[in-house]
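The structure under discussion appears below in the form of structure tokens.
Numbering starts at 1 and runs along the sequence shown. Read the numbers this way: they start at 1 and go in the same order the structure lists the ligands and their atoms.
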Amino acid sequence: MAKPRENYREDVAGRANVEDTPELLAYYDELDTYNAGALWTVANKIEPWEPKSDSVPVLWRYRDLRSHVLRSVDLVTPEKAGRRVIYLNNPGRTDVAAAVGWIYAGLQVMHPGERASAHRHSASAVRFIMEGSGAYTVVDGHKMTLGANDFVLTPNGTWHEHAVESSGTPCIWQDGLDIPLVNALEANFYEVHPDLSQAVTYAVDDMTKTWGNPGLTPNGGNWSKGYSPMFKYEWAPTYEALGRYAECTDGSPFDGVLMEYVNPASNGPVMKTMGASMQMLRPGERTRAHRHTGSYLYHVSKGRGHSIINGQRFDWQERDIFCVPSWAWHEHANASDTEDACLFCLNDLPVMRSLGLYREEAFGDNGGHQPVVA
Ligand code: 1HN
């Protein structure tokens with residue numbers, strides 16, 4: 001008996017609209033046996049009129065997740081787990097572990113005196129530090145001390161490991177990786193460091209001290225790798241830069257005061273597959289809605305407010321994480337009339353831009369604000 005099959009018909013000139021007949025259904029079954037198919041049965045599905053994300057907007061509340069993340073400390077060791085991480089699972093995605101689109105994210109917890117073994121992989125990663133003191137990451141022999149809201153790179157192919165000094169406190173950070181993308185491209189390799197640990201061969205925090213000086217580049221500094229030589233972007237200078245920029249700009253009606261983290265050697269994105277920004281919503285600020293291609297994972301670095309994503313309202317506060325899937329309408333509002341709010345955003349914009357796939361659109365109706373459906 002012929003199995004029921006989908007036929008994505010649309011009654012629009014230029015689109016596939018072939019009615020099923022017993023003869024055609026038999027023909028499709030015949031094609032099946034040769035591992036082939038008729039394009040017109042699936043063309044409208046594989047060529048949507050506009051991007052259709054399987055990911056749904058999600059808010060992960062830190063106050064809900066934190067105790068569960070800490071509980072993993074009693075349940076598994078970093079030695080056995082490799083990485084002690086609780087990952088964020090977008091319920092719209094069943095195929096892969098993804099927080100949104102082709103971006104994976106998780107919350108990693110480490111206690112004082114613990115360390116995770118060194119390894120490297122084709123996937124690129126970032127860390128965004130949430131709480132605790134004494135954490136550090138070593139990337140290709142460069143040791144970086146980590147404080148709250150610091151943004152750290154572990155680019156593809158670099159040896160990396162994390163630890164917390166014995167004198168520190170329990171630390172939690174957000175990991176973000178392009179693993180779903182690299183796996184979709186079937187290009188992921190993984191290696192454990194032969195010694196499980198690497199020597200620190202440079203002065204502590206040297207890459208930030210060398211490359212992280214605004215408007216200045218080191219004498220003779222040349223860097224041609226596909227990722228930023230500045231492995232750590234600290235919170236204090238980032239926040240200061242946003243404040244200075246806010247003094248002299250109206251900002252964007254859609255994004256408020258937003259600055260992108262860049263590779264200081266190229267002014268391009270920090271890595272080839274993932275970019276990041278920090279955006280300030282000034283006291284009382286409410287942005288207009290827009291949408292663009294690309295996947296976006298926001299981390300509330302400071303303050304509280306709400307975002308409306310495809311008509312759904314999400315109220316957030318410091319340390320919450322939420323996502324905006326590709327081509328989803330979104331707008332943000334700061335809940336405070338006296339304090340600014342800051343949103344860190346990890347995204348795949350470098351992929352969208354370099355492949356010529358970036359598009360954006362403003363929400364035209366209702367003064368630029370979406371009707372809220374939930
Ligand atoms: C990884 O290397 C880390 O280095 C964290 O801390 C999470 C998730 C999947 C694959 C590799 C890390 C990861 C990861």
E318 with R61: basic N within carboxylate O range, under 4.0 Å: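 No, this pair does not count.
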
Anything under 3.5 Å between an N or O on ligand 1 and a protein N or O? List each pair with its distance, or write none.
residue  : atom  : partner : partner atom : Å
ligand 1 : 2 (O) : H119    : NE2          : 2.7
ligand 1 : 2 (O) : H121    : NE2          : 2.8
ligand 1 : 2 (O) : H160    : NE2          : 3.4
ligand 1 : 4 (O) : R83     : NE           : 3.0
ligand 1 : 4 (O) : R83     : NH2          : 3.1
ligand 1 : 4 (O) : H119    : NE2          : 3.3
ligand 1 : 4 (O) : R127    : NH2          : 3.4
ligand 1 : 4 (O) : H160    : NE2          : 3.1
ligand 1 : 4 (O) : H162    : NE2          : 3.1
ligand 1 : 6 (O) : R83     : NE           : 3.0
ligand 1 : 6 (O) : Q108    : NE2          : 3.0
ligand 1 : 6 (O) : R127    : NH1          : 3.3
ligand 1 : 6 (O) : H162    : NE2          : 2.7

So is R353 actually on top of Y358's ring, under 6.0 Å and inside 45° of the axis?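 Relative to the ring axis of Y358, which defines the angle, R353 lies inside both limits.
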
Regarding R9 and the six-membered ring of W40, is the cationic atom NZ or CZ under 6.0 Å from the ring centre and inside 45° of its axis?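 Geometry flag: not set, cation outside 6.0 Å or 45°.
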
Which of these, Y239, F151, F344, sits in a ring pair (Phe, Tyr, Trp, His ring centres under 6.0 Å) with Y233? F151

Applying salt bridge (charged side-chain N to carboxylate O under 4.0 Å, His left out), which residue pairs with at least one partner in residues 209-235 are found, sequence neighbours left out? D205-K232, K232-E234

Check the orientation of H290 and H292. Use parallel for under 30°, tilted for 30 to 60°, and perpendicular for over 60°.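 H290 and H292: perpendicular rings.
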
